[in-house]
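Okay, structure first, notes after.
Within every chain, numbering begins at 1; the chains are lettered A, B, ... in the order of the sequence lines, protein sequences first and strands thereafter.
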Amino acid sequence: MHNPQLNAHGELQHLLSLDGLPREILTAILDTAEPFTEVAEREIKKLPILRGKSIFNLFFENSTRTRTTFEIAAKRLSADVINLNVATSSTNKGETLLDTVDNLCAMQADMFVVRHASSGAPYLIAEHLHNTRRHDIHVINAGDGRHAHPTQGLLDMYTIRHYKQDFTGLVVAIVGDVLHSRVARSQIAALTTLGVPEVRVIGPKTLMPTDLNKLGVRVFHDMREGLRDVDVVMMLRLQNERMSGPLLPSGQEFFKVWGLTPEKLAVARPDAIVMHPGPMNRGVEIDSAVADGTQAVILPQVTFGIAVRMAVMSMLGSN
Amino acid sequence: MHNPQLNAHGELQHLLSLDGLPREILTAILDTAEPFTEVAEREIKKLPILRGKSIFNLFFENSTRTRTTFEIAAKRLSADVINLNVATSSTNKGETLLDTVDNLCAMQADMFVVRHASSGAPYLIAEHLHNTRRHDIHVINAGDGRHAHPTQGLLDMYTIRHYKQDFTGLVVAIVGDVLHSRVARSQIAALTTLGVPEVRVIGPKTLMPTDLNKLGVRVFHDMREGLRDVDVVMMLRLQNERMSGPLLPSGQEFFKVWGLTPEKLAVARPDAIVMHPGPMNRGVEIDSAVADGTQAVILPQVTFGIAVRMAVMSMLGSN
Amino acid sequence: MHNPQLNAHGELQHLLSLDGLPREILTAILDTAEPFTEVAEREIKKLPILRGKSIFNLFFENSTRTRTTFEIAAKRLSADVINLNVATSSTNKGETLLDTVDNLCAMQADMFVVRHASSGAPYLIAEHLHNTRRHDIHVINAGDGRHAHPTQGLLDMYTIRHYKQDFTGLVVAIVGDVLHSRVARSQIAALTTLGVPEVRVIGPKTLMPTDLNKLGVRVFHDMREGLRDVDVVMMLRLQNERMSGPLLPSGQEFFKVWGLTPEKLAVARPDAIVMHPGPMNRGVEIDSAVADGTQAVILPQVTFGIAVRMAVMSMLGSN
């Protein structure tokens with residue numbers, strides 16, 4: 001079957017989802033990212049790798065933070081970056097998504113970074129590029145609906161590898177609102193592919209998807225049970241804005257049961273690291289004592305995120 | 001009489017309207033654009049022509065699409081681009097248009113790309129620059145009210161010349177809402193200047209300006225009659241958002257009579273090309289079968305549009 | 001006591017307020033700005049001083065005009081500029097100001113240009129950078145609440161020095177809504193530090209802060225008295241949008257008493273210069289005859305403002 005993320009030579013053509021990417025590609029991205037972390041330490045944080053390339057940040061859903069990370073990554077690779085907040089643009093005038101894409105292709109775009117509230121929108125664009133034989137244009141999914149957020153998943157893997165070196169002996173727990181989280185899906189796919197033997201998912205029944213068994217994870221509905229002896233704790237953001245209906249008690253009540261406090265963290269391994277994709281809701285899913293504590297690697301995640309996005313962009317740009 | 005678009009040496013000082021521009025200037029812009037279409041094909045799509053220049057996208061009316069084309073053109077010429085969405089800016093604080101312009105001039109602007117809902121605003125700015133002796137600063141009209149959209153007109157001419165080589169034997173039809181169209185006015189001016197012997201205008205009486213006779217065009221109120229044996233069909237966008245009052249039936253009814261379908265297109269010459277300034281209202285002014293068909297040159301128009309804008313900017317930058 | 005604006009070597013670490021900056025630093029900034037005014041006259045208005053640096057325009061309060069001046073200054077120094085309109089960003093999602101800052105630091109920011117409606121926000125950020133030992137990151141206050149707008153104060157000083165050479169013999173009047181003006185506080189601090197022997201403040205009692213005596217200025221409630229024989233008139237913008245309650249009559253009535261007309265200006269010295277931070281309310285705080293007259297240096301202020309911001313950025317970038 002045709003894998004829309006790979007080109008005819010098996011190289012990365014688009015980054016749409018970590019689900020379905022072979023381990024070699026994931027590892028190649030992480031390896032490529034390594035030297036880019038050093039670029040950021042230099043006096044002149046700039047490489048000519050994508051000079052003269054036109055990268056479009058195509059945000060159908062507003063996200064200043066994610067857009068910023070891609071904008072920085074692209075500028076450090078010397079690309080020309082054009083920000084399109086399409087929510088307020090010509091799609092308003094009745095133009096379809098694919099007409100917008102066709103137009104930007106006609107402007108000789110080299111790469112689209114796509115954020116969309118609908119799951120699958122970046123796939124639709126990649127498929128359209130394939131059908132119109134624009135094999136020179138690449139798509140990066142910057143978050144689509146509840147589906148995937150692959151660069152977040154990759155920076156998480158980079159962070160784990162950085163602190164734990166090897167994936168094959170780890171117990172990793174993902175905690176919180178898995179149901180509404182595109183981040184969790186990308187994480188589970190990547191952890192599994194990279195050989196993590198035990199992936200746990202911890203959260204209330206109301207915030208768990210029904211298809212979890214298929215993903216090969218262990219499900220816990222008790223924090224202390226789930227966190228026992230884990231090497232890595234990956235907190236999820238409580239996606240209040242995406243929830244409809246009364247699935248949830250108040251933030252305070254959520255915190256009492258599901259918030260990561262020093263007490264709950266104490267049952268994990270003493271050298272366990274704590275991760276969070278941000279932005280954090282302090283006092284809801286995470287206690288400030290943990291967020292600012294010695295086990296947190298939340299800010300290094302952000303730093304590695306720039307390097308990982310530079311890696312993805314430079315690989316796509318050369319494929 | 002002083003032509004505000006030309007400097008003392010008869011060179012392009014501002015691009016405000018195609019009306020009143022001599023044929024030599026129009027042709028010079030099209031000729032200058034030719035090599036820029038090749039730049040876009042290169043690995044590094046960048047030329048140092050406007051390096052160190054400050055270009056302001058001064059958009060008093062929102063238009064992500066048009067703004068994007070100018071931003072790309074300017075960045076490919078290595079200019080510094082500053083986007084000002086002035087609808088939400090200091091004019092809100094009671095500052096006048098010309099105070100805003102004076103301020104940007106004082107910041108050593110080199111070029112203004114101006115979009116404004118009021119016809120004549122770019123003229124007002126050009127005149128003010130003339131009166132304040134800022135002959136080093138250039139204005140490009142990116143669409144003013146119902147008046148003009150000269151770079152759109154120029155890219156249309158580029159497209160026609162590209163596909164038909166010579167203007168002097170052509171029959172060209174402009175179809176749709178001419179009354180509210182700044183694009184149509186720019187097109188008629190350019191086609192006439194470049195020597196097209198027969199320019200037709202096709203549309204309902206309610207959407208026709210009263211001064212059409214003066215422009216030297218033939219008016220048709222029947223699609224099949226007007227399209228017979230034409231070489232070029234230039235569709236207009238139905239400007240719903242600009243219309244006031246009940247001039248129009250619904251989009252569906254409009255389509256039945258004025259929408260370009262393969263059946264209606266069949267009366268044109270077999271090698272006729274179909275153009276549209278975008279964004280298209282599929283199923284209103286144009287059938288998808290035509291928009292995506294072999295005669296459509298709508299996406300090449302977009303590509304040529306970048307080259308034409310690079311040409312205009314580079315000419316102004318050297319005058 | 002620790003001065004948060006200076007580093008351990010007594011060099012500029014952050015620009016938060018002109019209050020508390022030694023005269024040598026103020027003078028060093030003005031001296032550094034001098035050659036940058038020439039850069040703006042060049043064919044290629046660009047210097048490689050901040051190449052590869054990432055500067056974030058962190059605007060928690062909207063101000064296209066101020067943001068634009070910093071963006072131009074940074075681009076002319078070859079920095080990468082990222083605009084963050086944080087009013088509509090992740091702080092909406094419940095993230096705190098300092099979490100946002102931590103995140104941008106983790107993205108290897110080099111400089112923050114901060115605009116905030118709350119007085120003291122840039123101090124809070126600078127203090128946080130100090131506490132987290134990020135001595136490589138610099139903060140520029142681009143206006144915080146009613147507190148300070150130091151680059152405006154500096155460009156005003158540059159303008160005065162440009163036209164009057166020496167500060168030590170001058171009588172300078174600040175006119176208007178002092179109560180709500182962050183500009184006035186920066187001006188008074190700088191004028192005093194630079195040795196201006198007589199600083200006057202002119203305005204209605206309702207728009208005067210109560211702590212003026214402490215600042216060493218002379219207060220006038222009559223325009224003609226206050227303007228008599230002054231060398232410099234610094235008009236303030238009437239901050240309607242910031243006023244609450246009925247402190248003020250209508251704009252027209254304000255103009256009658258406090259608007260600067262040629263008649264009122266006539267009591268100043270014949271070579272007095274007139275300044276305004278912009279955007280002007282013509283017919284409210286200033287008559288067009290004065291704003292456009294020969295004594296006005298309002299547009300040169302804007303030009304010098306770019307040079308002064310380039311100076312501040314380049315000094316911070318090398319400290």
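Atom CZ of B:R51 has 12 or fewer neighbouring heavy atoms from other residues, nucleotides or ligands inside a 6.0 Å radius.
Of the options C:R76, C:K75, C:E71, a side-chain hydrogen bond (donor to acceptor under 3.5 Å, both in side chains) to B:S54 is made by C:R76 and by none of the others.
Residues of residues 291-303 of chain C lying within less than 4.5 angstrom of chain B, judged on heavy atoms, are C:L299, C:V302, C:T303 in numerical order.
Rounded to the nearest 0.5 angstrom, C:M280 CE and B:D102 CG are separated by 8.0 Å. Note: B:T96 OG1 to C:R282 CZ = 5.5 Å, rounded to the nearest 0.5 Å. Put simply, CZ on C:R67 and CG on B:L84 are 6.0 Å apart, with the number rounded to the nearest 0.5 Å.
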Exercise. Yes or no on side-chain contact (heavy atoms from CB on, under 4.5 Å) for C:K45 and B:D80, after CA distance, side-chain angles and deciding distance?
Worked result: CA-CA 10 Å; C:K45 291 189 285 275; B:D80 286 330; over 6 Å; no
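Using a 4.5 Å cut-off between heavy atoms, C:R42 does not touch chain B at all. Residue B:D136: no heavy atom, backbone or side chain, is found under 4.5 Å from chain C.
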Please list every donor-acceptor pair under 3.5 Å in which a side-chain atom of residues 18-30 of chain B meets a protein atom from a residue at least two apart or in another chain.
residue : atom : partner : partner atom : Å
B:R23   : NE   : B:T193  : O            : 3.1
B:T27   : OG1  : B:R23   : O            : 2.9

